[in-house]
J.: 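I have a structure here, written as structure tokens, and I will follow up with some questions on it.
In what follows, chains are A, B, ... by sequence order, proteins preceding strands, each numbered from 1.
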Protein chains: 2
Amino acid sequence: MAGIKDVAAAAGVSVATVSRVLNGHPSVSAEARTRVLAAVRTLGYRPNAVARSLRTDQTRTLGLVISDVLNPYFTELARSVEEEARTLGYSVIIGNADERPELQDHHVRTLLDRRIDGLLISPTDGGSPLMLDAVRAGTPMVFVDRWIPGVDVPVVRADGRAAVHDLVAHLHGLGHRRLAIIAGPAATTTGSERVDAFREALAEYGIPLPDAYTGQGDFKADSGRRVTEDFLDLAEPPEVVFAADNLMALGALDAIRARGLRVPEDIGLAAFDDIAWFVHTDPPITAIAQPTGELGRTAVRALVDRIEGRPARSVTVPARLVARRSCGEPAHAHREPYPARRSRS
Amino acid sequence: MAGIKDVAAAAGVSVATVSRVLNGHPSVSAEARTRVLAAVRTLGYRPNAVARSLRTDQTRTLGLVISDVLNPYFTELARSVEEEARTLGYSVIIGNADERPELQDHHVRTLLDRRIDGLLISPTDGGSPLMLDAVRAGTPMVFVDRWIPGVDVPVVRADGRAAVHDLVAHLHGLGHRRLAIIAGPAATTTGSERVDAFREALAEYGIPLPDAYTGQGDFKADSGRRVTEDFLDLAEPPEVVFAADNLMALGALDAIRARGLRVPEDIGLAAFDDIAWFVHTDPPITAIAQPTGELGRTAVRALVDRIEGRPARSVTVPARLVARRSCGEPAHAHREPYPARRSRS
DNA sequence: CTGAAAGCGCTTACAG
DNA sequence: CTGAAAGCGCTTACAG
């Protein structure tokens with residue numbers, strides 16, 4: 001592979017001059033520039049990003065640690081993050097925590113070792129020592145979707161509280177009183193926010209949320225399956241189950257189907273996070289939608305602001321309820337717009 | 001951030017000794033080792049991977065360029081790739097080509113600039129000059145899922161031909177004769193393989209595949225929508241539509257639903273690639289499943305073999321038909337096993 | 001077993 | 001406008 005020395009030799013200039021034309025430095029004669037560019041072309045020279053990074057102490061790379069790649073919500077988030085980053089001249093390296101704190105730490109560590117310019121993260125837990133150290137060390141960072149309380153890092157997220165209230169109002173209006181939730185890990189902000197909002201909203205209608213109706217999940221499908229089975233085993237099962245993310249909703253559907261039960265006749269189901277498939281499930285699933293792409297893009301801009309020395313601020317956008325048919329809504333009450341919800345492309 | 005010099009100073013040894021203990025070099029006295037390790041701990045020292053890479057000319061990093069992150073098939077592939085790579089001591093950087101050749105080239109270029117040790121790629125096209133150059137330059141590479149004909153690079157993929165034949169036999173047995181396909185780009189191997197196999201299988205039953213029944217898609221949802229609308233506009237629409245991937249199947253469902261039509265009563269649907277949601281769609285979708293996780297792991301092992309100087313070979317595994325209810329199969333003919341198909345974890 | 005020194009491929013003051 | 005030289009943070013022959 002040709003190096004900068006080969007280019008310099010071929011162009012009959014010093015490596016300094018080659019470097020200058022490559023970096024668009026103004027003081028280079030037109031003639032030198034032409035010769036260098038020609039040499040670069042014929043040699044197929046590409047600067048070694050590793051060497052450049054070592055020298056400049058910047059990698060033009062963002063680290064993104066997401067909770068679970070298998071979750072379409074995060075996958076869409078990752079896509080919008082990469083897109084916006086590319087626009088701003090950055091690459092992104094994705095780490096998949098798989099909802100496991102140790103794996104999250106592994107990726108954060110690797111990313112830090114690689115000297116990424118900044119870190120975008122949706123924490124899987126309440127903040128490991130490693131994460132806290134990184135913040136303290138001044139690593140440019142912004143939280144997306146989930147955040148760590150008490151840490152001074154901008155957070156870009158959707159506030160689901162109002163939408164959860166809307167959901168409860170919707171269910172109450174449909175006549176349901178026995179409402180249960182498959183919650184996410186209490187150590188995550190989205191995990192606790194969604195149960196809290198649910199409980200609060202129920203309280204407004206004078207409905208309690210008994211422990212038996214609060215299943216502890218981990219945002220992955222298996223836990224949704226397990227918790228739903230427990231609900232179904234109850235002497236008095238809930239009328240509607242609210243899954244705090246789409247993967248646990250998948251698990252719930254599996255469990256319901258395995259018993260030969262039907263949604264919503266036998267039991268209703270609603271989910272946090274809306275995905276394209278929810279329009280086509282049997283029945284279409286009532287869900288809370290987040291402006292995912294917008295979150296990703298906003299988070300990247302905030303992080304790049306931090307990196308480039310501009311002030312970055314937290315941003316909260318609202319989530320919204322998309323009522324469909326999985327909670328016993330009257331037939332045809334809600335027409336899905338066409339084309340069905342999908343990511344922008 | 002503490003550097004190796006700080007550690008050396010704190011431990012009262014030279015940087016060479018620090019480096020040796022960090023790299024497990026045998027000739028270091030137990031005493032020196034202890035002091036170095038202590039200094040590393042108290043300083044919270046972490047080696048700079050950028051500097052190390054520049055010096056050793058290896059990054060312990062694999063590049064993975066996939067066709068579309070929004071496609072659950074690739075998302076699962078990416079996950080298994082990262083998992084296996086991590087086991088073998090490598091990180092992976094994912095590039096999302098979004099089915100666009102220029103974007104694919106952008107990522108390949110970026111990855112090469114970063115001096116990744118090897119490239120895993122599912123090519124979006126027939127092979128750009130850049131890709132061909134990379135192969136010629138000896139970049140360790142392996143193709144996953146899709147490949148570039150005529151290029152001497154190991155390929156790890158599923159052979160879908162037999163499963164497509166099974167699908168056609170299945171549809172024929174169900175009494176269907178007017179069969180259409182939403183094909184992928186002809187420039188991709190999976191795009192052409194799937195139509196070819198479909199056409200061949202139809203021929204065995206004396207069924208032609210007219211142009212009007214061959215829709216050209218691009219593996220993304222929108223194209224599935226568009227092609228399906230065209231099919232539906234035909235004087236004699238097909239009885240069953242076979243989508244060459246799951247995203248185009250999503251698009252097909254959107255289009256069918258938008259016209260107020262039902263699957264399978266009005267039109268049947270089958271898809272290549274099986275995803276967890278297909279069990280819960282209305283109706284459950286008959287699909288061809290690939291051993292995705294296995295493909296990812298096998299591809300990584302092949303690439304690492306190449307990188308570490310061992311011979312790597314191509315691997316082809318079979319895909320298989322999973323018949324459900326979207327093609328007019330008799331009710332309850334196929335029980336879904338419990339738990340429903342999902343990724344290994 | 002240990003250290004001084006070279007060198008990986010760049011960028012960038014510093015002189016001229 | 002241009003080049004010689006230092007230096008980014010490591011690793012690794014080479015001597016001792």
J.: To the nearest Å, how far apart are B:Asp57 CG and D:dT11 P?
T.: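 Those two atoms, CG and P, are 14 Å apart.
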
J.: Measure CZ/A:Arg33 against P/D:dC1 and give the value in whole Å, please.
T.: 9 Å

J.: Taking only N/O atoms, report every protein-nucleotides 12-14 of chain D pair under 3.5 Å with atom names and distance.
T.:
from	atom 1	to	atom 2	distance (Å)
D:dA13	N6	B:Arg20	NH2	3.1

J.: Starting at CZ of B:Arg60 and ending at P of D:dT11, how long is that distance when rounded to a whole Å?
T.: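 Going from B:Arg60 (CZ) to D:dT11 (P), I get 14 Å.
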
J.: Are B:Asp125 and B:Gln104 close enough, and set up right, to give a side-chain hydrogen bond (donor to acceptor under 3.5 Å, both in side chains), and what steps lead you there?
T.: CA-CA 9 Å; B:Asp125 59 9; B:Gln104 164 183 284; 3.3 Å; yes

J.: May I have the step-by-step check of salt bridge (charged side-chain N to carboxylate O under 4.0 Å, His left out) for B:Asp98 and B:Arg100, ending in yes or no?
T.: CA-CA 5 Å; B:Asp98 207 21; B:Arg100 291 154 47 191; 3.6 Å; yes

J.: Under 4.0 Å between a Lys/Arg side-chain N and an Asp/Glu carboxylate O for B:Arg157 and B:Glu294?
T.: no

J.: Going by the rule side-chain hydrogen bond (donor to acceptor under 3.5 Å, both in side chains), which residues pair with B:Thr110 if we only count those two or more places apart in sequence or in a different chain?
T.: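 Residues passing side-chain hydrogen bond (donor to acceptor under 3.5 Å, both in side chains) with B:Thr110: none at all.
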
J.: For A:Ser314 and A:Pro154, indicate whether the former's side chain and the latter's backbone hold a donor-acceptor pair under 3.5 Å.
T.: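 Looks like no, no N/O pair under 3.5 Å.
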
J.: Report the distance from atom CD of B:Gln58 to atom C1' of D:dC10, rounded to the nearest whole Å.
T.: 13 Å

J.: Rounding to an integer number of angstrom, what distance separates D:dC1 and D:dA5 when you compare their P atoms?
T.: 23 Å

J.: Decide yes or no for A:Phe219 and A:Asp68: does some side-chain heavy atom of the first lie under 4.5 Å from some side-chain heavy atom of the second?
T.: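 Side chain of A:Phe219 against side chain of A:Asp68, heavy atoms only: no contact under 4.5 Å found.
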
J.: Donor-acceptor pair, B:Thr139 side chain versus B:Ala134 backbone, under 3.5 Å?
T.: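 Yes, B:Thr139 side chain to B:Ala134 backbone: donor-acceptor pair under 3.5 Å.
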
J.: Using atom CZ of B:Arg52 as one end and atom P of D:dT11 as the other, report the distance to the nearest whole Å.
T.: 5 Å

J.: Which ones in residues 2-14 of chain A lie close to DNA chain D, meaning a heavy atom under 4.0 Å from one of its atoms?
T.: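 Those residues whose heavy atoms fall under 4.0 Å from DNA chain D, taken from residues 2-14 of chain A in numerical order, are A:Val13, A:Ser14.
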
J.: Which part of the nucleic acid, if any, lies within reach of B:Asn48 when heavy atoms closer than 4.0 Å are counted: base, sugar-phosphate only, or nothing?
T.: sugar-phosphate

J.: Tell me whether A:Arg52 is salt-bridged to B:Asp113, with the criterion being a basic N under 4.0 Å from an acidic carboxylate O.
T.: no

J.: Let me know the distance between CZ of A:Arg35 and P of D:dC1, rounded to the nearest Å.
T.: 15 Å

J.: What residues, two or more places apart in sequence or in another chain, satisfy side-chain contact (heavy atoms from CB on, under 4.5 Å) together with A:Arg35?
T.: A:Ala11, A:Val13, A:Glu31

J.: Partners of A:Arg313 by salt bridge (charged side-chain N to carboxylate O under 4.0 Å, His left out), sequence neighbours excluded?
T.: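 Expected list: none.
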
J.: Does the side chain of A:Tyr45 get closer than 4.0 angstrom to OP1 or OP2 of C:dG9 through an N or O atom?
T.: no

J.: Pick the nucleotide of DNA chain D nearest each of A:His25 and B:Arg46; which residue has the one closer to the 5' end?
T.: A:His25

J.: Could you run through DNA chain D and flag its stems, i.e. three or more consecutive Watson-Crick or G-U pairs with both distances under 3.5 Å?
T.: C:1-3 with D:14-16, C:5-12 with D:5-12, C:14-16 with D:1-3

J.: Taking atom types as modelled, find out whether A:Arg86 and A:Ser91 have a side-chain donor-acceptor pair closer than 3.5 angstrom.
T.: no

J.: Give a yes or no on whether the backbone of B:Ala30 and the side-chain of B:Thr34 come within a donor-acceptor separation of less than 3.5 Å.
T.: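 Answer holds: yes.
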
J.: Which whole number of Å gives the distance between the P atom of D:dT11 and that of D:dA15?
T.: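 Those two atoms are separated by 22 Å.
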
J.: Roughly how many Å is it from CG in A:Leu54 to P in C:dT11, rounded to a whole number?
T.: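 After rounding, the gap between these two atoms is 11 Å.
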
